[in-house]
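A short worksheet on the structure shown next.
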Amino acid sequence: MRVNAVRCRICGGQLQECLDFGRQPVSNGFIRPEHVDREHYFRLAMGVCVSCTMVQQLEEVPRARMFHADYPYRSSESAAMREHFERTAAKLIETELKAPDAFFVEIGCNDGIMLTTMSAAGVRHLGVDPSARAAETARANGAHVEVDYFEESSAARIRAEHRPADVVYSANTISHISYIDSIFRGMDVLLAPKGIFVLEERYLGDIVANTAFDQIYDEHFYLFAGRSVQTMAARFGFELVDIERLPVHGGSIRFTIARPGVRRLTAACRDLLTQEESLGLAALETYLRFRARVEHISEELVTLLRRLHADGRTVVGYGATSRSATVTNYCGIGPGLVPFICDTTTGKHGRLTPGSHIPIRPAEAFSDPYPDYALLFAWNHADEIMAKERVFRDRGGKWILYMPHVHIS
Ligand code: SAH
Ligand code: TMP
Ligand code: ZN
């Protein structure tokens with residue numbers, strides 16, 4: 001067993017190294033061409049805790065390198081995600097935020113994709129996010145946002161300046177936070193006695209089942225599963241009470257956490273925990289097999305791209321996702337095989353993908369002229385993008401996907 005010197009960030013237990021993607025850049029570090037020598041690299045390796053089963057990174061990227069005023073990701077670029085968060089907000093308003101003075105706090109609110117619904121419904125709310133530019137958009141759309149990192153100190157300040165929160169909600173953010181002990185101490189200060197903490201994240205079970213290796217990158221410090229989150233909540237004085245699987249982002253999961261004894265464990269929660277027992281999510285062999293599948297995908301993808309290139313076919317990337325950093329850097333895909341990637345996010349245009357240095361162009365470049373093939377990095381938005389880009393296929397264009405295996409569609 002290869003035990004790492006680094007200890008588990010949740011329980012201090014021993015970490016068994018299970019995956020290594022080598023030298024990788026900051027995934028949202030889209031760079032200007034003149035700054036290619038300023039990139040930060042780290043070893044992207046995962047370990048599984050032999051005590052609490054939490055899967056986590058062995059080497060950490062400092063938070064200020066990832067999340068800062070100019071963090072480029074914008075949640076609202078996807079119509080499907082806008083609908084998802086509108087629905088989620090509407091459900092919380094109906095069920096948990098009925099009291100006239102109910103208070104809703106969101107950790108990692110980004111451009112206000114969720115908070116605008118809260119604001120429109122007149123719900124008292126506050127978002128916390130260090131991405132100042134994204135927060136400007138949220139504020140312009142009527143949301144209250146504090147530009148800060150959520151942690152124990154900011155939670156105490158929010159509690160003092162406002163009131164205890166009935167719901168603290170967070171999507172695709174808590175797994176990005178290595179200092180999770182501080183989050184839970186903050187939760188203890190901020191959450192009302194009967195309040196709930198709801199978090200939505202990529203699900204480790206789906207990552208393993210789909211060989212979705214590109215879900216592993218700097219920001220996804222933890223890969224959550226039912227059991228590891230249950231243990232984590234208990235360790236920090238809380239209780240996991242509900243679990244819901246979600247189809248978004250290629251397989252997500254929503255956890256509801258409360259203070260102990262406040263809510264009954266739901267049947268869905270118990271069922272998922274039981275189902276997980278047979279998935280081997282804490283077993284080293286699971287990741288050795290995963291690793292073999294990743295190598296196969298990588299070889300097939302590069303072979304396909306090289307063949308298309310040799311045959312004179314044009315290939316363009318679609319969606320400069322953070323995940324594409326792992327794919328391009330691990331597989332060794334650069335501008336020679338994929339000359340550019342189109343993306344709707346204006347803050348990414350004119351920049352290069354981190355490490356692999358593929359130029360990013362506006363979505364309009366896709367049809368000017370259409371390529372023969374499009375490599376879909378934003379595979380989690382496949383339905384939305386393929387519907388939007390129907391003409392591409394109508395004119396004979398083909399999509400290349402690499403999840404759960406390399407195929408042309
Ligand atoms: N919730 C949105 C955004 C996810 S991106 C969605 O699901 O689409 C992750 C966001 O978390 C970024 O906007 C980033 O700035 C923010 N973030 C990172 N660390 C944080 C922290 N400690 N406290 C609050 N927000 C944080
Ligand atoms: P995500 O998978 O992390 O949400 O990132 C998706 C990326 O793809 C983001 O940079 C926005 C981009 N995108 C498009 O360019 N066009 C689209 O239609 C959608 C849905 C996303
Ligand atoms: Zn542990």
Side-chain angles (χ1 to χ4, degrees), residues 7-15 27-28 30 47-56 63-64 66-69 71-82 84-85 88 105-115 127-135 138 145-151 154-155 169-180 182-183 186 199-202 214-215 217 219 221 228 231-232 235 248-250 252 282 317-324 341-345 347-348 360-363 366 376-389:
R7 308 295 289 215
C8 172
R9 293 293 301 255
I10 306 295
C11 78
Q14 285 187 328
L15 291 179
S27 64
N28 263 300
F30 297 97
V48 53
C49 176
V50 300
S51 305
C52 76
T53 76
M54 184 64 84
V55 175
Q56 58 200 276
R63 69 182 186 182
M66 295 186 285
F67 309 115
H68 44 72
Y71 179 68
Y73 183 70
R74 293 295 178 272
S75 307
S76 299
E77 294 296 324
S78 157
M81 291 312 295
R82 290 199 299 272
H84 168 76
F85 286 116
T88 304
V105 173
E106 185 179 2
I107 305 173
C109 60
N110 198 270
D111 58 8
I113 190 166
M114 172 96 173
L115 287 184
V128 189
D129 197 307
S131 306
R133 297 285 98 73
V145 185
E146 266 195 30
V147 175
D148 203 348
Y149 295 96
F150 185 90
E151 56 194 328
S154 48
Y169 174 86
S170 189
N172 307 303
T173 301
I174 299 301
S175 66
H176 301 30
I177 301 176
S178 61
Y179 45 100
I180 219 158
S182 177
I183 301 296
L199 60 149
E200 226 176 276
E201 298 286 345
R202 307 299 200 272
D214 60 350
Q215 300 280 22
Y217 55 90
E219 294 177 12
F221 187 85
S228 58
T231 314
M232 171 174 81
R235 185 168 184 91
V248 296
H249 282 313
S252 297
Y318 204 109
T321 59
S322 27
R323 292 182 314 279
S324 68
I341 302 180
C342 24
D343 195 290
T344 51
T345 318
K348 296 182 184 177
I360 299 152
R361 299 210 186 136
F366 188 54
L376 187 58
F377 290 113
W379 54 267
N380 49 324
H381 303 296
D383 291 346
E384 180 176 344
I385 290 173
M386 287 182 184
K388 193 196 290 186
E389 301 289 3

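One-based numbering, in listed order, for ligands and for the atoms of each. What's counted below: heavy atoms across the whole structure, side chains too, no hydrogens, waters or symmetry copies.
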Answer side chain, backbone, both or neither: which part of [X] comes under 4.0 Å from ligand 1, heavy atoms only.
| X | result |
| --- | --- |
| Ile113 | neither |
| Asn172 | both |
| Tyr169 | neither |
| Phe67 | side chain |
| Phe150 | both |

If you define the side chain from C-beta out and look only at heavy atoms, does anything of [X] sit under 4.5 Å from [Y]?
| X | Y | value |
| --- | --- | --- |
| Phe221 | Ile180 | no |
| His381 | Met81 | yes |
| Met54 | Met232 | yes |

Is [X] touching ligand 2 with its side chain, its backbone, both, or neither, if touching means heavy atoms under 4.0 Å apart?
| X | result |
| --- | --- |
| Thr344 | both |
| Asp343 | both |
| Met81 | neither |
| Ala80 | neither |

Below 3.5 angstrom, do we get any N/O pair linking [X] and ligand 2?
| X | answer |
| --- | --- |
| Lys388 | yes |
| Ser78 | no |
| Asn380 | yes |

Side chain or backbone, does [X] bring an N or O within less than 3.5 Å of an N or O on ligand 1?
| X | result |
| --- | --- |
| Asn110 | yes |
| Tyr73 | no |
| Gly108 | yes |
| Tyr71 | no |

If you compare all heavy atoms of [X] against all heavy atoms of [Y], which two are closest, and at what distance to 0.1 Å?
| X | Y | result |
| --- | --- | --- |
| Ile183 | Phe150 | CD1-O, 3.3 Å |
| Ser75 | Asn110 | N-OD1, 3.2 Å |
| Tyr149 | Ala64 | OH-CA, 3.5 Å |
| Gln215 | Trp379 | NE2-CH2, 3.7 Å |
| Ser170 | Ile107 | OG-O, 2.8 Å |
| Tyr217 | Ser27 | CD1-OG, 3.2 Å |

Looking only at protein heavy atoms, which one is nearest to [atom], and how far off is it?
| atom | result |
| --- | --- |
| atom 24 (C) of ligand 1 | Val128 O, 3.3 Å |
| atom 13 (O) of ligand 1 | Asp129 OD2, 2.7 Å |
| atom 22 (N) of ligand 1 | Tyr179 OH, 2.9 Å |
| atom 10 (C) of ligand 1 | Thr173 OG1, 3.6 Å |
| atom 3 (O) of ligand 2 | Tyr73 CE1, 3.3 Å |

Pairwise distance [atom1]([X]) to [atom2]([Y]) - rounded to 0.5 angstrom:
| X | Y | atom1 | atom2 | value |
| --- | --- | --- | --- | --- |
| Glu389 | Cys342 | CD | SG | 7.0 Å |
| Ser131 | His68 | OG | NE2 | 8.0 Å |
| Phe366 | Arg361 | CZ | CZ | 13.0 Å |
| Ile385 | Tyr318 | CD1 | OH | 5.5 Å |

Inset, instruction - For the pair Arg63 and Glu151, find out whether any cationic side-chain nitrogen is under 4.0 Å from an anionic carboxylate oxygen. - result: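 Salt bridge: yes.
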
Counting distance only, does the side-chain N/O of [X] pair as donor-acceptor with the main-chain N or O of [Y] below 3.5 Å?
| X | Y | answer |
| --- | --- | --- |
| Asn28 | Ser322 | no |
| Glu384 | Ser78 | no |
| Lys348 | Asp343 | no |
| Gln56 | Leu15 | no |

Between [X] and [Y]: side-chain donor-acceptor atoms closer than 3.5 Å:
| X | Y | answer |
| --- | --- | --- |
| Tyr73 | Glu219 | no |
| Arg202 | Asn172 | yes |
| Glu77 | Thr344 | yes |

Inset, instruction - Could you grab the angle centred on the Zn ion (ligand 3), going from SG in Cys11 to SG in Cys8, to 10°? - result: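 Approximately 110° at the metal, rounded to tens of degrees.
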
Inset, instruction - Report the angle formed at the Zn ion (ligand 3) by atom SG of Cys49 and atom SG of Cys52, rounding to the nearest 10°. - result: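 SG of Cys49 and SG of Cys52 make an angle of 110° at the Zn ion (ligand 3), to the nearest 10°.
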
What atoms in ligand 2 come closer than 4.0 Å to a heavy atom of [X]?
| X | result |
| --- | --- |
| Ala320 | 10 (O) |
| Gly319 | 8 (O) |
| Arg323 | 1 (P), 2 (O), 3 (O) |
| Glu384 | 20 (C) |
| Thr321 | 2 (O), 5 (O), 6 (C), 7 (C) |

Any heavy atom of [X] closer to ligand 2 than 4.0 angstrom?
| X | result |
| --- | --- |
| Ala363 | no |
| Arg74 | no |
| Phe377 | no |
| Lys348 | yes |

Legend entry - Nearest candidate to atom 21 (C) of ligand 2, where distance is taken over non-hydrogen atoms, out of Glu219, His381, His249: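 Looking at heavy atoms only, His381 sits closest to atom 21 (C) of ligand 2.
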
Legend entry - Pro130 to ligand 1, any heavy atom closer than 4.0 Å: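 Right, Pro130 reaches ligand 1.
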
Near [X], which atoms of ligand 1 are under 4.0 Å from a heavy atom of that residue?
| X | answer |
| --- | --- |
| Ser75 | 2 (C), 3 (C), 6 (C), 8 (O) |
| Tyr149 | 21 (C), 22 (N), 23 (N) |
| Ile107 | 23 (N), 24 (C) |

